[in-house]
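Numbered from 1 within each chain, the chains take letters A, B, ... in sequence-line order.
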2 protein chains.
Amino acid sequence: MSSVRQIANELGISVATVSRAMNQRSGVSEETRRKVLELAQRHQYKPSMGRKPTNIIGLVYPEEPVKSDLGDFEASLLSGILRGVYEKKHDLAFISAARDKHPDETYTQFFHRKGVSAIIMRSLGDTSLVERITSEGFPVLLVADRSEDPAVSYLDSISHDTSRKAIEHLISLGHKRIGLAMHNIVDTDHQDRESGYRDALHDAGIKVDESLIVKAEANTAGGEIMLTRLLEQEHPPTAIFFTNPMSTIGALHKCLRLGIKVPKDLSIVGFDDSVTRHQTFPRYTAVCQDAISLGVEAARWITRAAQSDEAMPIYREVRPTSFEVLETTSYASVSPVRIGPDGELIRTV
Amino acid sequence: MSSVRQIANELGISVATVSRAMNQRSGVSEETRRKVLELAQRHQYKPSMGRKPTNIIGLVYPEEPVKSDLGDFEASLLSGILRGVYEKKHDLAFISAARDKHPDETYTQFFHRKGVSAIIMRSLGDTSLVERITSEGFPVLLVADRSEDPAVSYLDSISHDTSRKAIEHLISLGHKRIGLAMHNIVDTDHQDRESGYRDALHDAGIKVDESLIVKAEANTAGGEIMLTRLLEQEHPPTAIFFTNPMSTIGALHKCLRLGIKVPKDLSIVGFDDSVTRHQTFPRYTAVCQDAISLGVEAARWITRAAQSDEAMPIYREVRPTSFEVLETTSYASVSPVRIGPDGELIRTV
DNA sequence: TCCTACAGCGTAACAGTTACGGGCCCTCAA
DNA sequence: TTGAGGGCCCGTAACTGTTACGCTGTAGGA
């Protein structure tokens, strides 16, 4: 209905100018460009490229560039997304949201210019971008996070109940001082895990000791740091819940290096996005989410949204996680270990 | 120069028919379609989509669908490729080579139809596809493998010399019976590592014992299997070279579980694509390749190839790997351990 | 005053795609 | 036998967006 020529007529300019304005080419005054983009937005203009429909799904990260090392979670999620997208005969393109978007053009215009008909978004803690894109009416699915905005569709996994179950498991083994080692970037997932931790302790009548909650980066170094920080305390915990796979790995290796026997001296509950829990020594008890199936499901929904012409109903799903007991949790130690000022191991009597 | 209308004229048909034939739409007889595609290939026809240049780089895997779990190497490689592609203001799309390519259309036509101007390919052991695409003149770079075909451009890392250095390191520590644990899918990388192993032993005057060379899948289970198979022998090795990160991890954990002291009882040299060697206990001595920088470099070259109009000169580079001594190699044990029929540990005197 | 340079824009020709309709052939019923 | 329908194949023409080329006006300097 609305074409380049229509916009040109309405503004009393030529189609060439409109096209130039749309594609960030030179030879257009800033004022004309702004008017064109503004009118295009009002008309919900979609370039239809000789009418040929495109079937590319975009995968958008807010950061630029994508952080150098795709973690285990991102890799598993991507595997799942690829599988789902291929199943529906679409392709997948990585799109950088920040790189070459013109400030005056809307995200809708930007994605159309890239030939992308719908996107899957990661938030990494900041959901403002997905809310803005949703408000433009462009089909977008937030994956592995949630948004307060009631218009945003998302697919997340919920770890509150399972985290709570994990802490209850520890309490049932006699643990009373339980540490919580979290990612220092707060998203809803980590809030979930923290509230599960607090609820379990509260219901068991154990007062939360804020000094037992530590935060660091979600990598092996962060795991070592958090373990050390917790065990250097005068009254160290007898069990720790790590909310991230990499920090769990780092902590387990630090224990091996220091001579801390897991689970005899210290019980550890970790988090797993795929099969990492089976690849450590000892295999760790974990709250598990299935990142692959999360990706598959996200891809299935977004391909449907890309194909349907009218707007999809808002979609919100939180998938349950599971709790798997392996080899790193046991009865609370009667003589908890702590780390001395020189890094040596001290057994409290 | 050659347009849809030109092809239509030459065949005495209409542009609509040509367009339909190109895009796998119905309403064209098979014979006409074949004639159109054949002539388009002869004319080196490139659809130029209203003259608008596309700048999407394709990432192509021969298998369909992409194997469910992107390994550490694939994830690191992808990180690097993304970084390089973004740096050059291009986008990256995953393309499935097998999914919806029409048998009669060439790969060049297929990629143009997808809006992809150049591709990076993974081989997974079979280089026939990249050779075929190269022969069509489409810009393609094979990454992390090599091809015999002199027309194929590739970027690989060579591990022969470094593998040899690793074995020489073991020999200098007094090891004489050294096991080789390989991936059961043979590509040039693994051939490299095997020949480095053989050359080092040969030059040291040690006869290769074929029973010390075992193969399995490149995952943790494969590592455990290979370790077991080697140590069950009557004259077990005192050191093992694992040519894959995941099998190295599996073997190290199996050692912890069995009570085999590394490196006192058994020395292990592993392989690393990123930073895995620092995330095990003990940290393992390894032949290291940098998958991220491999990806960055591949992306830089292919974006240049995508932008230049004429064909690029053939590009071939093999990047060196490095050898890093960490905590899993030491002097050859005087009383090598072996695994008994019931899985128990036996110390040979 | 005249010349040059450049930014901004329009005309027209180009690219590829598709709605519509028209032959052609086959089938089936009157 | 003939007419009606229907499906396949294809062409005409109208549509999409893009760009080479040239025009106009303005600013600056010789």
Side-chain angles (χ1 to χ4, degrees), chain A residues 1-37 39-41 43-56 100 102 104-106 108-117 309, chain B residues 1-41 43-56 102 104-105 108-117 307 309:
Chain A
M1 192 57 71
S2 76
S3 69
V4 177
R5 280 165 177 84
Q6 173 141 355
I7 292 176
N9 278 337
E10 209 154 320
L11 287 174
I13 59 177
S14 76
V15 290
T17 305
V18 175
S19 177
R20 278 188 284 254
M22 290 289 191
N23 294 292
Q24 317 306 332
R25 303 193 96 78
S26 59
V28 190
S29 71
E30 271 311 310
E31 188 184 334
T32 310
R33 163 162 297 155
R34 219 184 35 249
K35 281 196 291 189
V36 168
L37 291 175
L39 185 62
Q41 186 182 359
H43 279 286
Q44 301 270 34
Y45 168 72
K46 266 189 210 184
S48 57
M49 211 47 147
R51 296 251 178 82
K52 186 182 190 172
T54 158
N55 57 350
I56 300 179
D100 57 356
H102 190 278
D104 281 339
E105 77 181 338
T106 63
T108 305
Q109 288 163 359
F110 171 71
F111 291 128
H112 282 316
R113 183 156 64 82
K114 294 276 178 194
V116 166
S117 53
D309 282 336
Chain B
M1 192 57 70
S2 75
S3 69
V4 177
R5 280 162 176 85
Q6 173 141 354
I7 292 176
N9 279 337
E10 209 155 320
L11 287 174
I13 58 177
S14 76
V15 290
T17 305
V18 174
S19 176
R20 278 188 284 254
M22 290 290 192
N23 293 294
Q24 315 306 334
R25 302 195 95 76
S26 59
V28 190
S29 70
E30 270 312 308
E31 187 183 335
T32 310
R33 165 163 293 155
R34 223 186 27 252
K35 280 197 290 189
V36 169
L37 291 175
E38 198 269 340
L39 186 62
Q41 185 183 0
H43 279 252
Q44 302 270 32
Y45 168 71
K46 267 190 209 182
S48 56
M49 211 49 148
R51 294 251 179 82
K52 185 181 192 174
T54 157
N55 56 352
I56 301 179
H102 190 279
D104 281 338
E105 77 181 337
T108 305
Q109 288 162 359
F110 171 71
F111 291 128
H112 282 315
R113 183 156 64 83
K114 295 274 178 195
V116 165
S117 54
Q307 282 171 330
D309 282 337

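With sequence neighbours left out, the side chain to side chain contact (heavy atoms under 4.5 Å, CB included) criterion links B/Ser117 to B/Ala306. Every residue two or more places apart in sequence or in another chain that forms a side chain to side chain contact (heavy atoms under 4.5 Å, CB included) with B/Val4 is listed here: B/Val15, B/Val18, B/Tyr45. Legend: residues meeting ring-ring contact (aromatic ring centres under 6.0 Å, His included) with A/Phe111, ordered by chain and number and at least two apart, are A/Phe138. Residues forming a side-chain hydrogen bond (donor to acceptor under 3.5 Å, both in side chains) with B/Glu105 (at least two apart in sequence, or on another chain): B/Gln24, B/Arg113. Residues that satisfy the side-chain hydrogen bond (donor to acceptor under 3.5 Å, both in side chains) test with B/Thr108, not counting sequence neighbours, are B/Glu136. Under the rule for a side chain to side chain contact (heavy atoms under 4.5 Å, CB included), the partners of A/Thr32 that lie at least two apart in sequence or sit in another chain are A/Ile13, A/Thr17, A/Val28, A/Ser29, A/Val36. Under the salt bridge (charged side-chain N to carboxylate O under 4.0 Å, His left out) criterion, A/Glu30 pairs with A/Arg33, sequence neighbours left out. Take B/Glu38 and apply the side chain to side chain contact (heavy atoms under 4.5 Å, CB included) test, not counting sequence neighbours, and it matches B/Arg42.
Remark: P of C/dT17 and NZ of A/Lys46 are 19 Å apart, rounded to the nearest angstrom. Put simply, CD on A/Gln109 is 13 Å from P on D/dG17, counting in whole angstrom units. Taking atom CD1 of residue A/Ile7 and atom C1' of nucleotide D/dT18, one finds them 15 Å apart after rounding to whole Å. With rounding to whole Å, A/Arg5 atom CZ is found 13 Å from C/dA13 atom P. Atom pair B/Asn9:CG and D/dC10:P shows a separation of 16 Å (rounding to whole Å applied). The distance between atom NE2 of B/His112 and atom P of C/dG16, rounded to the nearest whole Å, is 12 Å. The separation between B/Met22 atom CE and C/dA15 atom P is 13 Å, rounded to whole Å.
A distance of 8.0 Å separates CG of B/Asn9 from OG of B/Ser3, quoted to the nearest 0.5 Å.
For the helix from C/dT1-D/dA30 to C/dA30-D/dT1, the terminal axes (five pairs an end, C1' atoms, rotation from four pairs onto the next four) enclose an angle of 30°, given to 10 degrees.
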* To do: At under 4.0 Å between heavy atoms, which parts of nucleotides 22-27 of chain C does protein reach? Answer with one letter per nucleotide, 5' to 3': B base, S sugar-phosphate only, - none.
  => ------
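Remark: A/Asn23 is in phosphate contact with D/dT18, judged by side-chain N or O atoms under 4.0 Å from OP1 or OP2. Phosphate proximity of C/dA15 to B/Tyr45: absent, as no side-chain N or O sits under 4.0 Å from OP1 or OP2. OP1 and OP2 of D/dT18 both lie 4.0 Å or more from every side-chain N or O belonging to A/Arg25.
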* Go through the steps for A/Ile56 and A/Lys114 under the test side-chain contact (heavy atoms from CB on, under 4.5 Å), then give the verdict. => CA-CA 9 Å; A/Ile56 300 179; A/Lys114 294 276 178 194; over 6 Å; no
* Asked: Could you walk me through whether B/His43 and B/Glu10 pass the side-chain hydrogen bond (donor to acceptor under 3.5 Å, both in side chains) check?
  -> CA-CA 11 Å; B/His43 279 252; B/Glu10 209 155 320; 3.0 Å; yes
Tabulated below should be each protein N or O lying under 3.5 Å from an N or O of nucleotides 7-11 of chain C; please produce it.
residue: C/dC9; atom: OP1; partner: A/Thr32; partner atom: OG1; Å: 2.8
residue: C/dC9; atom: OP2; partner: A/Ser29; partner atom: N; Å: 3.0
residue: C/dC9; atom: OP2; partner: A/Thr32; partner atom: OG1; Å: 3.4
residue: C/dG10; atom: OP1; partner: A/Ser14; partner atom: N; Å: 3.4
residue: C/dG10; atom: OP2; partner: A/Ser14; partner atom: N; Å: 2.7
residue: C/dG10; atom: OP2; partner: A/Ser14; partner atom: OG; Å: 2.8
residue: C/dG10; atom: OP2; partner: A/Thr17; partner atom: OG1; Å: 2.8
residue: C/dG10; atom: N7; partner: A/Arg20; partner atom: NH2; Å: 3.3
residue: C/dG10; atom: O6; partner: A/Arg20; partner atom: NH1; Å: 3.4

Identify each atom pair where a protein N or O and an N or O of nucleotides 22-24 of chain D are less than 3.5 Å apart, giving names and distance.
none

